[in-house]
Amino acid sequence: MSKDWPLWEVFVRTRGGLDHRHAGSVHAPDAELALRHARDTYTRRMEGVSLWVVKSSDIIASDPAQAGELFAPAETKIYRHPTFYDLPDAVKHM
Amino acid sequence: MYTTELDKNAARQTPPLSMENPDLLAAFEARVANDEFIEPKDWMPEAYRRTLTRQISQHAHSEIVGMLPEGNWLTRAPSLKRKAILLAKVQDEGGHGLYLYCAAETLGTSREEMIDALHSGRAKYSTIFNYPTLNWADIGAIGWLVDGAAIMNQVPLQRTSYGPYARAMIRICKEESFHQRQGYDLLLQMMKGTDAQKAMVQDAMNRWWWPSLMMFGPPDDNSPNSAQSIRWRIKRETNDELRQKFVDATVPQAELLGITVPDPDLKWNEARGHYDFGEINWDEFYAAVRGEGPVAKERMKARRAAWDEGAWVREAADAYEAKQAARRTSAAA
Ligand SMILES: [Fe+2]
Ligand SMILES: [Fe+2]
């Protein structure tokens with residue numbers, strides 16, 4: 001058994017208006033220290049205006065080996081893209 | 001350095017590819033050859049996993065041990081400005097170690113195991129950090145030469161095949177340029193000073209030049225694992241290629257500073273379009289790998305002391321969390 005502190009995934013919002021994006025991870029005994037470690041590790045140059053931390057063990061991930069099946073339904077639906085529709089040149093700006 | 005196998009037992013610890021499922025292996029090799037990224041949960045051959053774990057953890061250890069020769073000068077920096085800069089630089093190196101430990105952990109080795117391997121002397125780290133920092137110009141020389149060599153090594157690793165490693169490298173490379181520039185800036189300023197200060201710069205150059213060239217690892221004909229590592233894109237250029245690039249980039253910078261490169265054989269080779277340079281003392285390199293560098297013992301002692309003396313902080317944080325957790329349970333009950 002490892003005595004390491006739990007692992008937390010760190011998400012940083014770099015500017016107002018942008019999504020939080022995964023930056024990396026930190027070890028910390030609790031959420032409050034995870035936030036502090038995240039600040040010191042991932043925002044030393046004002047890279048963020050907001051931080052999220054979430055315990056890595058709470059993340060449910062899809063299985064990369066099953067990616068083919070999982071994403072297959074979208075593969076055949078080319079009509080979901082605007083380029084599928086061939087409109088006459090007379091129709092401008094659509 | 002970072003992509004150089006420093007552990008001579010590595011081959012024994014790495015299971016042969018013939019033991020792998022041939023279909024999975026072929027699919028893996030095809031993905032890597034196609035410049036795709038491998039992510040933690042993807043299938044990978046055990047040899048890839050172990051080689052990368054060693055390489056990334058060795059890289060992480062180098063960042064952490066690399067804090068020591070510079071940290072040594074924090075209280076003696078000649079001005080508040082230089083002190084603040086050096087503190088930020090050393091803190092960055094700690095950050096680099098953390099990014100890299102996290103990347104290595106995704107391969108299934110815990111942080112504790114890696115730290116333990118370092119502190120017990122089983123793990124290797126870059127030989128450069130086993131040299132002492134004797135005068136203030138050494139701090140400039142480290143930024144200019146050592147971080148400069150690290151940049152040469154790390155830039156191609158931003159496209160390494162293992163996703164978490166590549167992403168850590170991108171983050172690190174963004175920060176390294178400050179390290180090199182502050183070092184060169186420090187030396188430029190000293191070269192405007194007294195004769196004694198200029199002599200310190202030359203003295204630092206004389207001691208750091210050759211160890212910096214050694215950072216790229218043994219010559220290509222003596223790096224047995226290189227071919228497989230290059231095929232797997234966990235190394236993107238050979239030791240000798242990177243070393244040559246470094247020499248070509250650095251010699252004009254030395255001229256601009258007004259100092260001499262301590263190599264009588266150094267000269268521009270018009271036909272090759274590169275500098276020729278003298279023979280490296282590989283006995284000194286292998287001695288440093290074996291932990292016989294001038295201050296190797298001191299470095300490990302300092303690392304272990306930092307770990308032991310920080311124990312109370314970790315214990316206090318654990319105790320606080322345990323108390324909070326108990327409060328949450330009793331509030332919920
Ligand atoms: Fe670094
Ligand atoms: Fe650096």
Side-chain angles (χ1 to χ4, degrees), chain A residues 1-15 18-49 51-72 75, chain B residues 24 27-28 31 36-44 87-106 108-116 163-165 167-168 170-172 174-175 177-178 311 313-325 327-328:
Chain A
M1 236 295 267
S2 164
K3 291 195 297 282
D4 282 329
W5 282 332
L7 195 65
W8 304 72
E9 297 304 319
V10 177
F11 298 81
V12 180
R13 187 202 293 283
T14 50
R15 271 186 288 124
L18 296 181
D19 292 321
H20 284 81
R21 267 185 71 176
H22 186 238
S25 32
V26 293
H27 285 280
D30 57 42
E32 198 186 325
L33 274 177
L35 278 174
R36 282 169 188 268
H37 288 176
R39 180 201 60 186
D40 292 344
T41 311
Y42 295 103
T43 61
R44 286 195 302 282
R45 288 177 177 74
M46 307 203 305
E47 290 98 334
V49 295
L51 286 171
W52 286 352
V53 292
V54 55
K55 261 196 185 154
S56 310
S57 57
D58 286 343
I59 290 183
I60 316 293
S62 65
D63 176 0
Q66 302 294 315
E69 290 91 321
L70 186 64
F71 300 108
E75 244 166 47
Chain B
L24 290 173
F28 170 86
R31 283 185 68 194
E36 285 177 42
F37 288 98
I38 305 300
E39 293 295 339
K41 292 191 167 174
D42 294 344
W43 185 90
M44 61 187 84
L87 195 57
K89 202 258 187 200
V90 172
Q91 195 187 14
D92 272 358
E93 304 300 4
H96 297 177
L98 296 180
Y99 308 154
L100 287 160
Y101 281 129
C102 282
E105 285 172 71
T106 63
T109 304
S110 73
R111 176 80 59 97
E112 190 191 25
E113 286 171 89
M114 288 186 273
I115 300 285
D116 188 57
Y165 192 23
R167 293 190 286 275
I170 290 171
R171 202 166 273 287
I172 287 174
K174 269 195 201 146
E175 299 178 350
S177 152
F178 144 59
V313 180
R314 296 191 296 276
E315 284 157 15
D318 278 333
Y320 179 75
E321 158 55 16
K323 207 188 237 175
Q324 294 294 315
R327 244 175 236 167
R328 281 195 300 270

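Scope of the values below: all heavy atoms of this structure, side chains included, with no hydrogens, waters or symmetry mates. Residue numbers begin at 1 in each chain, while the letters A, B, ... track the order of the sequences.
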Working to the nearest 0.5 Å, report the span between CZ of B/Arg314 and NZ of A/Lys3.
10.0 Å
For the interface with chain A, which of B/Ala88, B/Gly95, B/Cys102 has the highest count of heavy-atom pairs at distances below 4.5 Å?
B/Cys102
Could you check whether atom CG of A/Asp19 has more than 12 heavy atoms from other residues, nucleotides or ligands sitting under 6.0 Å from it?
no
A/Thr41 backbone acceptor or donor facing B/Tyr99 side chain under 3.5 Å:
yes
Greatest number of heavy atom pairs closer than 4.5 Å to chain A - which of B/Glu39, B/Glu113, B/Lys41, B/His96:
B/Lys41
Who pairs with A/His37 by side-chain hydrogen bond (donor to acceptor under 3.5 Å, both in side chains), at least two apart in sequence or on another chain?
none
Kindly list each side-chain donor-acceptor pair under 3.5 angstrom involving residues 27-34 of chain A, sequence neighbours excluded, with atom names and distances?
residue : atom : partner  : partner atom : Å
A/His27 : ND1  : A/Trp5   : O            : 2.6
A/His27 : NE2  : B/Glu105 : OE1          : 2.5
A/His27 : NE2  : B/Glu105 : OE2          : 3.2
A/Asp30 : OD1  : A/Glu32  : N            : 3.2
A/Asp30 : OD1  : A/Leu33  : N            : 2.8

Contact class of B/Tyr101 relative to chain A, heavy atoms under 4.5 angstrom
neither
Do A/Arg45 and B/Asp92 meet the salt-bridge criterion of a basic N to acidic O distance under 4.0 Å?
yes
Heavy-atom proximity to chain A below 4.5 Å, by part of B/Gln324:
neither
Leading residue by heavy atom contact count with chain B [cutoff under 4.5 Å; candidates A/Ala23, A/Ala65, A/Gly24]
A/Ala23
Applying a strict 4.5 Å limit to non-hydrogen atoms, the region of B/Arg167 in contact with chain A is neither
